[in-house]
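Everything on this sheet refers to the single structure shown next.
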Amino acid sequence: MSTDTPSTGDDESMTEAQLLARIEELEESVAELEADDDQKKMTIVATQGTFDMAYPPLILASTAAAFGWDVVVFHTFWGLDILHEEKSEKLQLSAVGNPNMPMPNALAALPGMDRMATRMMEKRIDENGTATIKELIDLSLDQGVELQACQMTIELMDYDEDDFHDDVTVGVGAATALQHMAESDIQLLV
Amino acid sequence: MSESFDIAETLDVKGASCPMPVVKTKSAIDDIAEGGVLEVLSTDSGSMSDIDGWAEGTSGVELLEQVEDGDVYKHYVKKTN
(Lines give C-alpha, C1' and ligand atoms only; values in the text may rest on other atoms or scores of the structure.)
Protein backbone atom coordinates (compact mmCIF):
# COMPACT_ATOMS: atom_id res chain seq x y z
CA MET A 1 0.00 0.00 0.00
CA SER A 2 1.25 3.48 -0.84
CA THR A 3 2.42 5.57 2.05
CA ASP A 4 0.46 8.50 0.54
CA THR A 5 -2.85 6.84 1.26
CA PRO A 6 -4.07 7.93 4.66
CA SER A 7 -4.96 5.02 6.90
CA THR A 8 -8.35 4.80 8.53
CA GLY A 9 -6.67 5.51 11.83
CA ASP A 10 -5.48 8.94 10.59
CA ASP A 11 -8.98 9.89 9.47
CA GLU A 12 -10.40 9.04 12.81
CA SER A 13 -7.72 11.05 14.54
CA MET A 14 -8.99 14.25 12.86
CA THR A 15 -11.41 16.05 15.12
CA GLU A 16 -14.66 17.43 13.84
CA ALA A 17 -13.30 20.97 14.22
CA GLN A 18 -10.26 20.07 12.12
CA LEU A 19 -12.46 18.59 9.43
CA LEU A 20 -14.68 21.67 9.38
CA ALA A 21 -11.63 23.92 9.11
CA ARG A 22 -10.34 21.80 6.25
CA ILE A 23 -13.71 21.99 4.45
CA GLU A 24 -13.68 25.75 4.86
CA GLU A 25 -10.16 25.92 3.40
CA LEU A 26 -11.16 23.84 0.40
CA GLU A 27 -14.30 25.90 -0.19
CA GLU A 28 -12.18 29.04 -0.21
CA SER A 29 -9.81 27.67 -2.79
CA VAL A 30 -12.70 26.49 -4.97
CA ALA A 31 -14.20 29.99 -4.79
CA GLU A 32 -10.84 31.48 -5.76
CA LEU A 33 -10.49 29.13 -8.70
CA GLU A 34 -13.99 29.94 -9.88
CA ALA A 35 -13.32 33.67 -9.60
CA ASP A 36 -10.12 33.23 -11.65
CA ASP A 37 -12.06 31.32 -14.22
CA ASP A 38 -14.47 34.20 -14.76
CA GLN A 39 -11.68 36.45 -15.96
CA LYS A 40 -10.87 35.19 -19.43
CA LYS A 41 -7.45 35.91 -20.82
CA MET A 42 -6.25 36.15 -24.38
CA THR A 43 -2.80 36.54 -25.84
CA ILE A 44 -2.26 37.42 -29.49
CA VAL A 45 1.17 37.35 -31.06
CA ALA A 46 1.25 39.80 -33.98
CA THR A 47 4.13 39.12 -36.35
CA GLN A 48 2.96 40.74 -39.60
CA GLY A 49 3.23 44.37 -40.57
CA THR A 50 1.18 44.63 -43.74
CA PHE A 51 -1.89 46.84 -43.89
CA ASP A 52 -4.34 43.92 -44.04
CA MET A 53 -2.64 41.88 -41.33
CA ALA A 54 -2.72 44.76 -38.86
CA TYR A 55 -6.49 44.49 -38.63
CA PRO A 56 -7.25 41.01 -37.22
CA PRO A 57 -5.22 41.34 -34.01
CA LEU A 58 -6.53 44.83 -33.29
CA ILE A 59 -10.16 43.97 -34.01
CA LEU A 60 -10.04 40.82 -31.88
CA ALA A 61 -8.16 42.56 -29.08
CA SER A 62 -10.54 45.52 -28.81
CA THR A 63 -13.58 43.25 -28.98
CA ALA A 64 -12.18 40.88 -26.35
CA ALA A 65 -11.57 43.86 -24.09
CA ALA A 66 -15.24 44.79 -24.55
CA PHE A 67 -16.05 41.35 -23.09
CA GLY A 68 -13.99 42.36 -20.07
CA TRP A 69 -11.16 39.98 -20.91
CA ASP A 70 -7.58 40.57 -19.97
CA VAL A 71 -5.85 40.98 -23.34
CA VAL A 72 -2.21 41.18 -24.33
CA VAL A 73 -1.02 41.64 -27.90
CA PHE A 74 2.67 40.85 -28.20
CA HIS A 75 4.10 42.53 -31.31
CA THR A 76 7.27 41.12 -32.77
CA PHE A 77 9.21 41.35 -36.04
CA TRP A 78 7.09 43.21 -38.61
CA GLY A 79 4.19 43.28 -36.19
CA LEU A 80 6.13 46.07 -34.44
CA ASP A 81 5.29 48.40 -37.34
CA ILE A 82 1.62 48.40 -36.25
CA LEU A 83 2.69 50.13 -33.02
CA HIS A 84 5.37 52.31 -34.62
CA GLU A 85 4.02 55.87 -34.73
CA GLU A 86 5.41 56.71 -38.16
CA LYS A 87 5.28 53.32 -39.81
CA SER A 88 1.75 52.45 -38.69
CA GLU A 89 0.52 55.35 -40.84
CA LYS A 90 2.24 53.88 -43.88
CA LEU A 91 1.49 50.17 -43.72
CA GLN A 92 1.16 48.71 -47.20
CA LEU A 93 -0.91 45.97 -48.71
CA SER A 94 1.21 43.65 -50.83
CA ALA A 95 -0.09 43.26 -54.37
CA VAL A 96 2.42 40.53 -55.22
CA GLY A 97 1.62 36.94 -54.37
CA ASN A 98 -1.85 37.91 -53.25
CA PRO A 99 -4.34 35.74 -55.14
CA ASN A 100 -7.18 38.07 -54.09
CA MET A 101 -5.73 40.91 -56.15
CA PRO A 102 -7.41 41.37 -59.51
CA MET A 103 -4.09 41.54 -61.34
CA PRO A 104 -1.34 39.11 -62.39
CA ASN A 105 1.85 38.99 -60.33
CA ALA A 106 3.90 40.34 -63.26
CA LEU A 107 1.83 43.55 -63.10
CA ALA A 108 1.58 43.58 -59.32
CA ALA A 109 5.38 43.65 -59.11
CA LEU A 110 5.58 46.98 -60.94
CA PRO A 111 6.64 49.99 -58.86
CA GLY A 112 3.78 51.75 -57.13
CA MET A 113 1.41 48.79 -57.25
CA ASP A 114 1.53 48.11 -53.49
CA ARG A 115 0.76 51.76 -52.93
CA MET A 116 -2.15 51.63 -55.35
CA ALA A 117 -3.55 48.44 -53.80
CA THR A 118 -3.27 50.03 -50.36
CA ARG A 119 -5.10 53.19 -51.45
CA MET A 120 -7.87 51.05 -52.95
CA MET A 121 -8.21 49.12 -49.71
CA GLU A 122 -8.19 52.30 -47.63
CA LYS A 123 -10.99 53.69 -49.76
CA ARG A 124 -13.04 50.52 -49.28
CA ILE A 125 -12.41 50.63 -45.55
CA ASP A 126 -13.59 54.22 -45.38
CA GLU A 127 -16.71 53.50 -47.43
CA ASN A 128 -17.53 50.49 -45.30
CA GLY A 129 -17.30 52.46 -42.06
CA THR A 130 -14.45 50.25 -40.87
CA ALA A 131 -12.14 51.88 -38.35
CA THR A 132 -8.63 52.96 -39.27
CA ILE A 133 -5.60 51.24 -37.76
CA LYS A 134 -4.90 54.31 -35.63
CA GLU A 135 -8.49 54.31 -34.34
CA LEU A 136 -8.23 50.63 -33.44
CA ILE A 137 -4.94 51.16 -31.60
CA ASP A 138 -6.43 54.04 -29.57
CA LEU A 139 -9.59 52.04 -28.96
CA SER A 140 -7.64 49.00 -27.79
CA LEU A 141 -5.53 51.06 -25.41
CA ASP A 142 -8.64 52.85 -24.09
CA GLN A 143 -10.26 49.49 -23.43
CA GLY A 144 -7.26 48.38 -21.41
CA VAL A 145 -5.59 46.11 -23.94
CA GLU A 146 -1.89 45.78 -23.25
CA LEU A 147 0.03 46.33 -26.48
CA GLN A 148 3.53 45.01 -26.06
CA ALA A 149 6.52 45.66 -28.29
CA CYS A 150 9.15 42.90 -28.21
CA GLN A 151 12.43 44.37 -27.00
CA MET A 152 14.71 42.06 -28.97
CA THR A 153 13.05 42.89 -32.30
CA ILE A 154 12.94 46.63 -31.46
CA GLU A 155 16.73 46.42 -31.38
CA LEU A 156 16.95 44.06 -34.34
CA MET A 157 14.87 46.43 -36.51
CA ASP A 158 16.93 49.34 -35.22
CA TYR A 159 13.87 51.08 -33.76
CA ASP A 160 13.89 53.29 -30.71
CA GLU A 161 11.56 52.76 -27.75
CA ASP A 162 10.30 56.33 -28.26
CA ASP A 163 9.19 55.51 -31.83
CA PHE A 164 6.11 53.72 -30.53
CA HIS A 165 2.67 55.01 -29.63
CA ASP A 166 2.36 56.23 -26.04
CA ASP A 167 1.13 53.55 -23.63
CA VAL A 168 2.77 50.75 -25.61
CA THR A 169 4.65 48.45 -23.26
CA VAL A 170 8.32 48.06 -24.14
CA GLY A 171 11.11 46.12 -22.45
CA VAL A 172 9.37 42.76 -22.74
CA GLY A 173 10.49 39.52 -24.31
CA ALA A 174 9.46 35.98 -25.12
CA ALA A 175 9.31 34.97 -21.45
CA THR A 176 6.76 37.69 -20.68
CA ALA A 177 4.69 36.63 -23.67
CA LEU A 178 4.84 32.96 -22.67
CA GLN A 179 3.89 33.76 -19.11
CA HIS A 180 0.68 35.44 -20.25
CA MET A 181 0.03 32.72 -22.84
CA ALA A 182 0.28 30.04 -20.16
CA GLU A 183 -2.46 31.78 -18.18
CA SER A 184 -4.56 32.50 -21.26
CA ASP A 185 -7.71 30.76 -22.41
CA ILE A 186 -7.01 31.82 -25.98
CA GLN A 187 -3.67 32.17 -27.73
CA LEU A 188 -3.41 33.31 -31.33
CA LEU A 189 -0.49 33.77 -33.67
CA VAL A 190 -1.20 36.28 -36.43
CA MET B 1 -42.10 47.58 -28.54
CA SER B 2 -39.11 49.63 -27.59
CA GLU B 3 -41.41 52.20 -25.94
CA SER B 4 -41.87 49.78 -23.07
CA PHE B 5 -38.24 50.31 -22.02
CA ASP B 6 -37.16 53.30 -20.04
CA ILE B 7 -34.15 54.22 -22.17
CA ALA B 8 -31.36 55.85 -20.21
CA GLU B 9 -29.11 56.55 -23.17
CA THR B 10 -29.04 56.11 -26.94
CA LEU B 11 -25.84 55.17 -28.72
CA ASP B 12 -25.82 55.92 -32.43
CA VAL B 13 -23.18 53.86 -34.26
CA LYS B 14 -24.89 53.99 -37.64
CA GLY B 15 -22.35 53.69 -40.44
CA ALA B 16 -19.70 52.06 -38.24
CA SER B 17 -18.81 48.41 -38.76
CA CYS B 18 -17.23 45.64 -36.70
CA PRO B 19 -15.87 45.91 -34.05
CA MET B 20 -17.22 49.38 -33.33
CA PRO B 21 -20.86 48.54 -32.43
CA VAL B 22 -19.77 46.11 -29.72
CA VAL B 23 -16.84 48.14 -28.43
CA LYS B 24 -18.83 51.38 -28.27
CA THR B 25 -21.74 49.54 -26.63
CA LYS B 26 -19.40 48.33 -23.92
CA SER B 27 -18.09 51.87 -23.30
CA ALA B 28 -21.61 53.30 -23.21
CA ILE B 29 -22.80 50.61 -20.80
CA ASP B 30 -19.90 51.46 -18.48
CA ASP B 31 -21.17 55.04 -18.33
CA ILE B 32 -24.81 54.41 -17.45
CA ALA B 33 -26.26 53.67 -14.04
CA GLU B 34 -27.14 50.17 -12.86
CA GLY B 35 -30.60 49.17 -14.04
CA GLY B 36 -30.45 51.56 -16.98
CA VAL B 37 -31.28 50.50 -20.53
CA LEU B 38 -29.02 51.45 -23.42
CA GLU B 39 -30.46 51.74 -26.90
CA VAL B 40 -27.95 51.02 -29.68
CA LEU B 41 -28.66 52.04 -33.25
CA SER B 42 -26.53 50.33 -35.88
CA THR B 43 -26.56 49.76 -39.62
CA ASP B 44 -24.16 46.82 -39.35
CA SER B 45 -26.11 43.60 -39.97
CA GLY B 46 -23.39 41.70 -38.09
CA SER B 47 -24.32 43.66 -34.97
CA MET B 48 -27.36 41.40 -34.46
CA SER B 49 -25.16 38.38 -33.83
CA ASP B 50 -22.26 40.33 -32.31
CA ILE B 51 -24.17 42.24 -29.65
CA ASP B 52 -26.11 39.09 -28.79
CA GLY B 53 -22.84 37.17 -28.38
CA TRP B 54 -21.21 39.97 -26.45
CA ALA B 55 -24.15 40.27 -24.03
CA GLU B 56 -24.17 36.50 -23.56
CA GLY B 57 -20.47 36.42 -22.70
CA THR B 58 -20.36 39.55 -20.55
CA SER B 59 -21.41 39.68 -16.93
CA GLY B 60 -23.56 42.55 -15.71
CA VAL B 61 -25.48 43.06 -18.93
CA GLU B 62 -28.69 41.64 -20.31
CA LEU B 63 -29.89 41.91 -23.89
CA LEU B 64 -33.59 42.74 -23.66
CA GLU B 65 -34.49 42.98 -27.30
CA GLN B 66 -33.20 43.34 -30.85
CA VAL B 67 -35.35 44.93 -33.54
CA GLU B 68 -34.73 45.31 -37.24
CA ASP B 69 -36.26 48.61 -38.32
CA GLY B 70 -35.62 49.19 -42.02
CA ASP B 71 -31.87 49.68 -42.40
CA VAL B 72 -31.35 50.15 -38.70
CA TYR B 73 -30.72 47.41 -36.18
CA LYS B 74 -31.87 48.42 -32.71
CA HIS B 75 -30.53 46.76 -29.61
CA TYR B 76 -31.73 47.23 -26.04
CA VAL B 77 -29.16 46.34 -23.42
CA LYS B 78 -29.76 46.58 -19.70
CA LYS B 79 -26.99 47.12 -17.20
CA THR B 80 -27.81 44.64 -14.45
CA ASN B 81 -24.87 45.45 -12.15
Side-chain angles (χ1 to χ4, degrees), chain A residues 31-42 44 46 51-71 73 82 121-147 167 184-186 188 190, chain B residues 9-34 36-64 66 68-81:
Chain A
E32 268 173 38
L33 287 170
E34 280 175 348
D36 270 0
D37 226 35
D38 270 1
Q39 174 68 51
K40 279 211 165 43
K41 288 190 177 190
M42 176 163 83
I44 300 177
F51 184 79
D52 49 335
M53 292 304 272
Y55 274 89
L58 292 173
I59 289 175
L60 290 174
S62 53
T63 307
F67 276 83
W69 298 2
D70 173 9
V71 188
V73 189
I82 302 169
M121 190 70 191
E122 276 174 345
K123 191 163 170 284
R124 292 284 301 124
I125 277 174
D126 185 45
E127 285 166 0
N128 195 46
T130 300
T132 63
I133 290 166
K134 176 78 172 78
E135 282 169 341
L136 287 171
I137 289 172
D138 290 343
L139 194 68
S140 297
L141 289 168
D142 278 356
Q143 300 268 325
V145 172
E146 187 173 343
L147 299 176
D167 300 325
S184 289
D185 302 279
I186 297 159
L188 297 171
V190 180
Chain B
E9 195 76 53
T10 296
L11 172 70
D12 186 347
V13 284
K14 291 200 287 282
S17 65
C18 174
M20 287 304 179
V22 162
V23 176
K24 299 271 184 191
T25 297
K26 149 77 177 161
S27 299
I29 274 286
D30 284 348
D31 290 342
I32 69 171
E34 194 179 318
V37 176
L38 175 73
E39 179 184 49
V40 183
L41 309 176
S42 172
T43 47
D44 174 21
S45 60
S47 68
M48 292 300 265
S49 170
D50 278 2
I51 290 183
D52 184 21
W54 168 77
E56 187 74 30
T58 305
S59 57
V61 297
E62 186 192 344
L63 181 61
L64 301 176
Q66 291 181 301
E68 199 178 330
D69 182 5
D71 291 342
V72 181
Y73 301 91
K74 298 178 174 178
H75 313 269
Y76 298 89
V77 187
K78 185 177 180 178
K79 182 170 183 170
T80 53
N81 65 49

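All chains are named by letter (A, B, ...) in the order of the sequence lines, taking the proteins before the strands, and each is independently numbered beginning at 1.
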Within residues 41-51 of chain B, which positions have a heavy-atom distance to chain A below 4.5 Å?
none

Name all pairs fulfilling the salt bridge (Lys or Arg N to Asp or Glu O under 4.0 Å) condition that reach into residues 11-29 of chain B, sequence neighbours left out, sorted by first residue then second.
B/D12-B/K14, B/K26-B/D30

Which residues satisfy the side chain to side chain contact (heavy atoms under 4.5 Å, CB included) test with A/E127, sequence neighbours excluded?
A/K123, A/R124

Around atom CD of B/E9, are there more than 12 heavy atoms of other residues, nucleotides or ligands at under 6.0 Å?
no

Looking only at heavy atoms, which of residues 56-64 of chain A get nearer than 4.5 Å to chain B?
A/I59, A/S62, A/T63

Within a 6.0 Å radius of atom CD on B/E56, are there more than 12 heavy atoms belonging to other residues, nucleotides or ligands?
no

Tell me, yes or no, whether the heavy-atom count around B/K78 atom NZ, taken from other residues, nucleotides or ligands under 6.0 Å, exceeds 12.
no

